[in-house]
Amino acid sequence: MDIPKRYEPKNVETQWSEWWLKNDIFKTTPNEEIQPYVIMMPPPNVTGVLHMGHALQDTVQDSLIRYYRMKGYEAHWQAGKDHAGIATQSVVEKELAKNRMPTRAELGREKFLEEVWKVVKRNDGVITKQKRALGDSADWSRERFTLDDGLSKAVREVFVKLYEDGLIYRGPYIVNWSPKLQSAISDEEVDHKEEEGKLWHIRYPGTDGSPGVVVATTRPETMLGDTAVMVHPEDDRYKNMIGKEVQLPLTDRTIPVIADDAVDRDFGTGAVKVTPAHDPNDFEVGKRHNLPMPIILDTSAKMCHPAPVRYIGMDRFKAREAVLEDLQEEGLLIREEKHTHAVGYCHRTHVPIEPYLSTQWFMKMKPLAGPALDKVREGEIKFVPRRWEKVYYQWLENIRDWCISRQLWWGHRIPAWYCADCDHVMVKRDDPTVCEKCGGTHLRQDEDVLDTWFSSWLWPFSTLGWPDQTPELKYYHPTDVLVSGYDIIFFWIARMIMADLYFTGQIPFKTVYITGMIKDKLGRWMSKSLGNGIDPLEMIDQYGADAVRYCLIVLNTPGQDIRLDPSRFEMGRNFANKLWNAFRFVASPASAILTDQLDRAEEILDELGASPNQVLSMLDFQGFARPEINGKIYDLIRETGVDHLEDRWILGRLIETIEEVDNRMEQYRLDDALMAIYRFTWNDFCDWYIETIKPRLGDDASIQEAGTTTRFALNMMEAIVRLLHPFMPFITEEIYQHLGNIEGRVLQEDRAQSIALAEFPSTEGMKPDKDAVADFNYIQALVSAIRNVRGELLIPPGKEAKLAILERDPHVELVQREWTTVKRLARLEGDAPDIVTEKPEKSATTVVDGAEVYIPLAGLIDFDAERARVTKEINKLEGMLLGIDKKLVNEKFVNNAPDDVVKNEREKQADFRAKLEMLKAHQEQLG
RNA sequence: GGGCGAUUAGCUCAGCUGGUUAGAGCGCUGGUCUCACAUACCAGAGGUCACUGGUUCGACUCCAGUAUCGCCCACCA
């Protein structure tokens with residue numbers, strides 16, 4: 001067999017990902033006989049590329065999906081893409097500019113949308129391909145797009161239904177306006193940043209020549225749109241002003257002084273300028289007091305008409321300077337002081353939001369919020385980790401209406417028509433041609449589109465065919481878990497829960513698994529401007545997708561941010577390489593031996609004393625996925641007289657590992673699950689098991705022994721790759737298929753086509769052999785102790801040492817029996833340990849499991865080193881013993897602590913004391 | 001102004017419902033190209049678990065507070 005010494009992921013990974021796709025390995029179908037396990041993949045932007053956040057979340061999802069698929073579920077991972085209104089539209093606009101094409105405005109709606117579709121079609125498939133390179137085992141045949149016909153139908157249905165139910169309305173309100181996007185955005189799309197700004201005090205003189213009032217503002221430029229000054233009704237300073245008019249500086253207008261208890265008397269001057277069209281509070285005040293609401297900033301936040309002519313066309317910040325300058329000149333700028341306040345920024349374009357009075361579509365959220373809150377409160381939907389539920393509650397409890405209209409072109413156009421003849425508004429499932437009220441035919445559809453999230457909040461059911469009652473909807477819905485970052489709890493997660501409950505009456509998913517966000521090495525967000533991003537594709541190219549996945553899973557504590565440094569991927573690569581070489585080792589003798597065995601089949605079977613079918617089926621590789629066979633394999637091996645301690649030990653460790661993996665997977669601690677597999681593979685299987693069985697495969701071993709040994713080791717290998725497959729799908733598929741080939745003529749028909757479809761190892765009906773585990777642990781401790789002596793005393797590795805054990809040591813028999821192992825691993829000489837009645841002269845002494853063992857040192861080392869080693873050991877022991885002594889002297893501890901804890905401490909005390917005594921005696925001897 | 005998280009070895013992080021000799025990877029020190037793997041092996045050093053109190057026989061783990069860093073929410077102009 002041709003197996004490369006170094007594992008090279010590149011070709012292997014591409015090959016398998018194409019093979020999986022070609023063979024429909026991940027395709028699912030509704031099947032009532034099988035339990036479904038479903039995850040909705042958060043749809044990435046159509047024009048997007050894979051970034052580390054995707055890589056993390058996808059790996060988590062894929063590991064879950066693959067795990068449950070192997071556990072026998074119909075595991076469906078629903079993929080798709082989001083049209084991402086604003087993001088996509090600006091990508092296309094930028095591209096037009098770059099290519100010196102006409103602008104959006106020049107092209108007009110229809111032509112522009114054609115351009116967008118061109119870009120979308122060109123990019124379609126890019127991110128999907130990248131996700132496949134990562135190993136995503138989604139059912140790609142069921143991919144959906146938020147703008148495809150089905151989803152558009154769902155969006156339309158939802159809009160009309162909510163309109164009919166009175167939850168969607170249209171009207172003039174203050175919205176968050178992004179001058180850069182030239183569109184309204186929702187509250188959630190505004191980022192607040194604390195900023196050091198200024199508070200300016202401006203005098204509004206009385207119309208009668210009196211001093212008037214001084215107002216304080218952070219936005220002097222908006223004064224040009226003021227229609228009142230308000231003071232607190234009880235404020236003695238201003239009581240006499242209420243009802244009077246003041247002059248609005250820089251204009252020829254006069255405005256009234258009104259009283260409203262929304263005013264905080266202690267802030268600023270206690271007098272507030274009121275700009276109803278450009279401030280949410282002032283808008284409310286304006287409504288209460290019936291004030292005019294002149295709009296003085298246009299959609300680009302430039303000064304416009306009712307403002308005095310000399311300011312018109314000025315950008316808002318430019319206008320601020322001009323206004324301040326002019327006020328200064330007129331002596332009306334009283335003072336300016338520093339003032340920190342929160343400024344809203346457009347989440348996407350990072351320009352300051354302009355509160356702006358405009359007519360938009362809104363959705364009442366309160367009625368939807370109640371049930372969504374209940375489902376989480378009642379535990380029907382659980383967040384992992386739980387603390388995110390608080391964030392969810394807080395948002396829903398204070399939820400405000402959702403501004404859903406956007407002044408964009410790319411998206412679902414609002415299904416509302418206005419009759420030019422009678423102003424009637426129609427919201428319809430099918431495009432109307434005639435006004436239902438006046439019969440007129442001059443209908444005009446609303447120009448705006450819906451917020452992107454208005455389609456994605458339907459994702460868990462719209463992708464499954466809703467509003468039609470499809471078999472998919474019945475079978476896959478509700479889904480099991482949603483995996484996402486905490487950054488879109490409001491945007492998406494909470495809204496999905498609301499929508500699903502409202503429209504299907506079901507929860508969208510049972511669990512919300514919140515991942516952390518990927519940060520750079522210094523804990524900063526990865527961003528293009530900082531240039532600190534790590535490209536997952538580059539990492540896949542360099543280290544392999546398995547390595548990237550390994551790293552991301554291991555670093556991922558639920559809900560905790562991850563500081564990522566590219567060098568971290570080395571651990572994944574190294575682990576893959578380790579696994580590969582372990583496989584190479586157990587596989588290389590396999591072909592030869594097994595072929596030979598089969599050639600001598602009858603003879604061998606005869607020796608084994610079993611019928612051919614029995615033996616073949618029991619030695620079948622499927623063994624470790626079938627617990628009931630597992631034990632029998634071992635029994636059989638033992639019956640043949642090939643009874644090895646290490647086999648029973650590693651089997652025990654495997655059982656423990658499988659149990660731990662299952663347990664940790666249930667808790668969504670994929671990091672722990674993977675670490676358990678890692679430890680088993682590297683520390684137990686590679687470091688101890690393989691090292692121990694080497695003699696059984698060497699030249700001195702019989703074919704029969706080598707054969708059974710290889711069988712057993714290959715079975716272990718198979719168990720390992722199956723355990724590991726959910727996390728590292730490529731290398732495990734590669735090894736699995738190799739194992740299948742090695743098996744050659746034996747029971748091929750029983751093997752799954754892909755490891756992805758093989759059974760996950762189970763421990764059903766199996767228990768670790770406790771005695772074997774204890775015995776092997778002793779051997780490990782013994783070997784480690786000897787190695788420690790060797791290491792500390794700098795005994796050259798090539799030099800073989802001797803081992804002497806006391807006759808009364810209860811482990812004598814065990815050490816004799818396992819001498820081959822001990823000898824090899826500790827590099828000892830002799831055919832057996834020396835059995836002595838007392839300590840040999842000039843020996844290093846170490847204590848293993850309560851008994852001394854000796855390494856005669858004559859000719860090996862100087863005794864100073866041994867003295868130093870023993871002193872170190874004694875100091876350590878004394879420290880530990882001190883703590884235990886203290887506890888046991890304390891009556892309260894002895895009386896109050898549980899018996900087993902006290903017993904445990906007593907045992908430890910005895911052990912440590914004995915060990916200490918032995919070492920001290922030894923130290924004395926050394927002089 | 002509320003809320004949340006973090007603070008454990010030089011670095012990045014685990015440590016579940018209080019009792020472990022407080023762990024891992026990387027890095028570091030010493031030794032090995034030992035016939036699966038130098039992307040490796042063996043041995044080792046390194047931590048008053050941010051601080052202060054409290055609860056408890058016992059606290060890295062629970063409670064209160066302090067400090068530093070970070071995040072989210074919030075219409076005081």
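Chain letters run A, B, ... following the sequence lines, proteins first, then strands; residues in each count from 1.
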Tell me which nucleotide among [options] gets nearest to the side chain of [X].
X	options	answer
A/R563	B/C76, B/U12, B/A36	B/U12
A/R584	B/A36, B/G25, B/C13	B/A36
A/L794	B/A24, B/G5, B/G30	B/G30
A/W682	B/U21, B/A40, B/G15	B/A40
A/R568	B/A74, B/U12, B/A14	B/U12
A/V263	B/A36, B/C57, B/A77	B/A77
A/N574	B/U39, B/A77, B/C37	B/U39
A/F585	B/C13, B/A77, B/A36	B/A36
A/R827	B/A43, B/U34, B/C42	B/U34
A/F893	B/A74, B/U39, B/C57	B/C57

Rounding to a whole Å, what distance do you find between [X]:[atom1] and [N]:[atom2]?
X	N	atom1	atom2	value
A/H339	B/G1	NE2	C1'	13 Å
A/L555	B/G25	CG	C1'	9 Å
A/D565	B/G10	CG	P	19 Å
A/N581	B/U39	CG	P	11 Å
A/L793	B/G44	CG	C1'	13 Å
A/R824	B/C35	CZ	P	11 Å
A/I258	B/A77	CD1	C1'	13 Å
A/D900	B/U20	CG	C1'	14 Å

Report task. Verify side chain to side chain donor-acceptor pair (under 3.5 Å) between A/E195 and A/Y345, making sure each step is shown before the conclusion. Result -> CA-CA 11 Å; A/E195 262 174 29; A/Y345 281 82; 2.4 Å; yes
[N] base to [X] side chain: any donor-acceptor pair below 3.5 Å?
X	N	result
A/R6	B/U39	yes
A/K390	B/C4	no
A/E691	B/A36	yes

Salt-bridge present ([X], [Y]; N to O < 4.0 Å):
X	Y	value
A/E337	A/K198	no
A/R869	A/E792	no
A/E656	A/R679	no
A/R400	A/D187	yes

Report summary line: The ring pair (Phe, Tyr, Trp, His ring centres under 6.0 Å) partner of A/W580 among A/F730, A/F575, A/Y7 is A/Y7
Which value, in whole Å, describes the distance between the [atom1] atoms of nucleotides [N] and [M]?
N	M	atom1	answer
B/U56	B/G44	P	41 Å
B/G10	B/U29	P	15 Å
B/G19	B/C60	C1'	13 Å
B/A45	B/G54	P	35 Å
B/U8	B/A24	C1'	13 Å
B/A14	B/C49	C1'	13 Å
B/A36	B/C42	P	14 Å
B/G5	B/C13	C1'	15 Å

Does [X] put a side-chain nitrogen or oxygen below 4.0 Å from OP1 or OP2 of [N]?
X	N	value
A/H201	B/A77	no
A/S567	B/C26	no
A/K872	B/A45	yes
A/K694	B/A36	yes
A/N896	B/C57	yes
A/R669	B/G15	yes
A/K886	B/G58	no
A/K908	B/U21	yes
A/N788	B/G44	yes

Need one value for [X]: base, sugar-phosphate or nothing, where a base atom within 4.0 Å counts as base even if backbone is also close, heavy atoms only.
X	result
A/R573	base
A/P355	nothing
A/E397	nothing
A/N890	sugar-phosphate
A/E570	nothing
A/V391	nothing
A/F490	sugar-phosphate
A/D487	nothing
A/M675	sugar-phosphate

Query raised in the report: Want to settle it: does A/A897 or A/H341 sit nearer the 5' end of RNA chain B, counting the closest nucleotide to each?
Result: A/A897
Requested in this report: Name the residue closer to the 5' end of RNA chain B, choosing between A/E8 and A/K273 according to the nucleotide with the nearest heavy atom.
Outcome: A/E8
Query raised in the report: Between A/N532 and A/W525, is there a donor-acceptor pair closer than 3.5 Å when you use the side chain of the first and the backbone of the second?
Result: yes
**Report entry** A/W200 backbone acceptor or donor facing A/E336 side chain under 3.5 Å
**Finding:** no
Query raised in the report: So, is the end of the A/K578 side chain (NZ or CZ) under 6.0 Å from the ring centre of A/Y678 and within 45° of the ring's axis?
Result: no
Query raised in the report: Which heavy-atom pair separates A/L919 from A/V870 by the least distance, and what is that distance?
Result: O-CG1, 3.8 Å
